[in-house]
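Working notes, beginning with the structure itself.
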Amino acid sequence: MSLRPPVSYLENATGKSPINVLEYELMAERADSLGRAGQRAEAALLKLKEASDADREDRLDQAAREVYALFIQREICGLRNTRDVIARYGIPGAVIVRLGVTRKKPEPEL
């Protein structure tokens, strides 16, 4: 049994198929979100470099969260190799070992 798309999905007067237009929009959104994730990771890594000893742990955790989000976004886009990202952004090993780790925040005392 073969399936045909509805007539409304066939090429229109402009010669473009609505399916192709949708795929184009989805690819553009993926690229945009990947760029934003990269910018957030880059900013977090810069803050980590500038961190004092007092707030280094918090900055390490923040950088690890942002880099992990970047890696997940890359996987969603089909980019599986992380070595080039590690080299490009200069991600330190201290961040790499914290990827995927979440710290439980202390509960406020009543």
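This structure is a prediction, so every number in the text was calculated from the model and none was measured. We're numbering straight along the sequence, starting at 1.
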Working to the nearest 0.5 Å, report the span between CG of Leu79 and CG of Asp84. 8.0 Å
Would you say Leu48 and Val97 are hydrophobically clustered, going by side-chain heavy atoms of ILVMFWY under 4.5 Å? no
Thinking salt bridges, do Asp55 and Arg59 make one under a 4.0 Å N-O criterion? yes
Measure from the side-chain N and O atoms of Arg40 to the backbone N and O of Glu66, and report whether any donor-acceptor pair falls under 3.5 Å. no
Looking at every non-hydrogen atom in both residues, tell me the closest pair between Leu60 and Arg98 and how far apart they are. CD1-NH2, 3.6 Å
Same cluster for Ile72 and Ile86 if Ile/Leu/Val/Met/Phe/Trp/Tyr side chains link at under 4.5 Å? yes
Run Arg65 and Asp61 through salt bridge (Lys or Arg N to Asp or Glu O under 4.0 Å) and show every step you take. CA-CA 6 Å; Arg65 279 193 306 274; Asp61 289 339; 5.4 Å; no
Answer yes or no: does atom CZ of Arg56 have more than 12 heavy-atom neighbours from other residues, nucleotides or ligands under 6.0 Å? no
Could you pull out the closest heavy-atom pair between Ala41 and Leu70, with the gap in Å? CB-CD2, 4.1 Å
For Leu45 versus Pro92, what's the shortest heavy-atom pair and its separation? CD2-CD, 3.9 Å
Closer than 3.5 angstrom, by distance alone: can the side chain of Arg74 be matched with the main-chain N or O of Asn81 as a donor-acceptor pair? yes
Is there a salt bridge (Lys or Arg N to Asp or Glu O under 4.0 Å) between Lys47 and Asp58? Walk through the geometry before answering. CA-CA 10 Å; Lys47 287 180 183 179; Asp58 291 335; over 6 Å; no
ILVMFWY cluster, Ile76 and Leu34 together (side-chain gap under 4.5 Å): yes
For Val85 and Ile91, the nearest pair of non-hydrogen atoms, with its separation, is O-CD1, 4.0 Å
Is it the case that more than 12 heavy atoms not belonging to Tyr68 sit under 6.0 Å from its OH atom? no
Looking only at heavy atoms, the pair that brings Ala44 and Ala63 closest together is CB-CA, 3.8 Å
